[in-house]
Number of protein chains: 2
Amino acid sequence: MNKKRRTDINSYIQSKGEVTMNELENLFPQVSSMTLRRDLNYLESQNKIIRTRGGAKSIEFLSIGAQEERYLKKTLTHIDEKNIIAAKAVKLISPERSIFLDAGSTSMCLAKMLPDERYYVFTSAPNVAMEVVYSTSSTVNLTGGEINRDNLAVSGAGAVEFMENVNVDIAFIGVPAFDLHNGFSCGNINDSQLKKAIIKRAAKVVVLMDSYKNGINLPYTFARLSDVDIVISDGKLPKEFLDEAKKNNVKVL
Amino acid sequence: MNKKRRTDINSYIQSKGEVTMNELENLFPQVSSMTLRRDLNYLESQNKIIRTRGGAKSIEFLSIGAQEERYLKKTLTHIDEKNIIAAKAVKLISPERSIFLDAGSTSMCLAKMLPDERYYVFTSAPNVAMEVVYSTSSTVNLTGGEINRDNLAVSGAGAVEFMENVNVDIAFIGVPAFDLHNGFSCGNINDSQLKKAIIKRAAKVVVLMDSYKNGINLPYTFARLSDVDIVISDGKLPKEFLDEAKKNNVKVL
DNA sequence: AATTCGGTTGTTTGAAATGAACAATAAAGG
DNA sequence: CCTTTATTGTTCATTTCAAACAACCGAATT
């Protein structure tokens with residue numbers, strides 16, 4: 001079995017949403033269509049895609065209902081960068097640890113990549129929580145409060161209080177905006193307070209930030225560079241950022 | 001175009017997850033397979049199902065990954081009864097009200113039926129919360145705490161405390177078991193405490209109970225018949241239950 | 001090096017599913 | 001009652017499919 005071909009086919013389908021046999025045959029002229037069909041069947045058995053007449057569709061794509069499109073758009077922008085970041089982040093996690101996963105599409109990416117082990121997971125996002133419950137054997141805790149329609153985060157007074165009483169080994173914080181002068185900021189006061197509370201409680205603070213977030217300002221600063229331990233990005237951050245990080249003893253991956 | 005046939009086909013697919021053409025042909029012997037195929041294509045164009053070779057699959061179902069199957073099984077047992085119950089329940093709800101939706105598959109059914117209005121929704125289930133966020137314009141509040149893998153309920157001390165501070169006009173409580181002697185009971189102490197707290201805070205308490213739950217005992221009683229205002233069931237409850245309900249001034253739908 | 005073995009890939013082939021095109025039927029409107 | 005339009009049924013050529021077997025590859029064993 002050619003594993004690479006199968007993962008290639010899968011990523012192609014995941015990025016395009018669907019394929020036809022003809023497409024695949026052009027894409028992989030070296031292999032026979034029977035083999036491609038076998039690959040599709042395999043991927044279907046793994047619940048990655050579903051077979052249709054003359055091709056296949058991505059399950060990810062289908063599972064996103066019409067109403068979710070607004071959120072979907074955000075999920076899909078810069079998806080490659082987010083996958084890179086999440087792949088780096090998942091390496092920092094080991095079983096039986098207590099981890100916090102923020103709300104947002106990058107964290108969701110990370111949640112999907114978690115190996116099926118037992119962790120103690122805290123999160124403020126119901127979608128992340130469900131993903132972790134389903135795909136790992138972890139204990140999952142969710143902060144309570146009102147759900148923000150934009151990023152699906154639960155926040156508010158209750159959430160802050162909840163997080164003030166837990167110890168986390170490693171917290172993964174999504175970042176809506178960063179600016180050298182104002183630090184990490186976001187557009188919602190509740191989210192900002194929750195992030196602050198978590199950063200205070202976490203032994204290690206890891207920030208997930210794709211390079212498009214750099215140079216943007218939002219109203220509420222929740223952390224400075226000096227407050228975090230590791231910044232994970234996609235390798236396209238400018239030199240000034242890297243210098244400033246080094247000055248603050250922050251590792252950049 | 002026969003609209004009823006198409007909605008029938010759709011609900012059949014939604015409840016079973018998938019169909020084959022043969023199945024449909026047996027189900028609708030009056031119509032030709034070409035027509036059925038046309039129906040499937042139509043439903044696909046409406047994003048209700050996706051066509052496969054020799055049949056179709058529910059989109060809802062696909063979004064449920066392999067790991068979710070355990071929960072899925074519960075979702076699918078007695079699905080008709082649950083739909084009947086949810087349909088009755090949704091009639092009790094009007095816009096701008098503050099409502100509580102319990103965890104569990106019956107509540108999830110109810111959530112899916114909510115018209116797109118603005119409510120103030122409180123729930124202890126992240127899947128219910130997401131459904132309501134996506135399909136209505138409501139303000140959605142989630143209780144915090146640990147997620148129970150069996151029923152996807154968030155419960156624990158935090159959840160109880162959270163619910164003690166809110167006012168709900170109408171609470172829909174799912175029931176795992178009922179017995180004339182021990183009242184409504186469930187198998188988890190945390191869930192039981194949360195249900196108790198909600199019943200205390202709700203102006204009107206509505207219990208969603210399919211008839212299969214009658215005559216079963218579980219360790220933790222969270223309410224007596226006299227504590228609730230309305231019991232919604234599927235019309236298959238025994239006379240003794242109805243008598244007892246009348247004695248306690250409980251309406252049975 | 002030759003042999004064997006497990007697994008993957010290619011080819012042939014008959015069966016199944018599909019949709020186009022046209023015929024039949026039902027429904028709607030004058 | 002006739003005309004028009006939409007839906008449904010039937011036939012049929014085309015496409016897609018997987019079973020079965022053959023060929024191939026690579027690794028382990030002799």
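Letters go in sequence order (proteins before strands), and every chain restarts at 1. Keep in mind it's a predicted model, so treat the numbers as computed, not measured.
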How close or far is atom [atom2] of [N] from atom [atom1] of [X], stated in whole angstroms?
{"X": "B/D39", "N": "C/dG19", "atom1": "CG", "atom2": "P", "result": "13 Å"}
{"X": "A/R38", "N": "D/dT16", "atom1": "CZ", "atom2": "C1'", "result": "15 Å"}
{"X": "A/M21", "N": "C/dT18", "atom1": "CE", "atom2": "C1'", "result": "16 Å"}
{"X": "B/L36", "N": "D/dT10", "atom1": "CG", "atom2": "C1'", "result": "14 Å"}
{"X": "A/N22", "N": "D/dT16", "atom1": "CG", "atom2": "P", "result": "6 Å"}
{"X": "A/M34", "N": "C/dT12", "atom1": "CE", "atom2": "P", "result": "14 Å"}
{"X": "B/R51", "N": "C/dA16", "atom1": "CZ", "atom2": "P", "result": "17 Å"}
{"X": "B/R5", "N": "D/dG9", "atom1": "CZ", "atom2": "C1'", "result": "12 Å"}

With no angle test and no hydrogens, is the base of C/dG19 tied to the side chain of A/R53 by a donor-acceptor pair under 3.5 Å?
no

What about B/R37, does its side chain sit under 3.5 Å from the base of C/dG19 through a donor-acceptor pair?
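It does, because a donor-acceptor pair links the side chain of B/R37 to the base of C/dG19 below 3.5 Å.
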
Quick check for you: to the nearest 0.5 Å, what is the distance between B/F122 atom CZ and B/I99 atom CD1?
10.0 Å

Tell me what A/T20 touches on the nucleic acid: a base, only sugar-phosphate, or nothing, going by heavy atoms under 4.0 Å.
nothing

Examine the side chains of B/S32 and B/R37 and answer whether a donor and an acceptor come within less than 3.5 Å of each other.
no

Please tell me which of A/T52 and B/Q30 maps to the more 5' nucleotide of DNA chain D, matching each residue to the nucleotide holding its nearest heavy atom.
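First, find each residue's nearest nucleotide; the 5'-ward one identifies B/Q30.
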
Is B/K204 atom NZ crowded by more than 12 heavy atoms from other residues, nucleotides or ligands, each under 6.0 Å away?
no

So B/N148 and B/N188, do their side chains get closer than 4.5 Å, heavy atoms only?
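Result yes, sub-4.5 Å side-chain heavy-atom pair found.
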
For A/T35 and for B/N41, locate the closest nucleotide of DNA chain C by heavy-atom distance; then report the residue assigned to the nucleotide nearer the 5' terminus.
A/T35

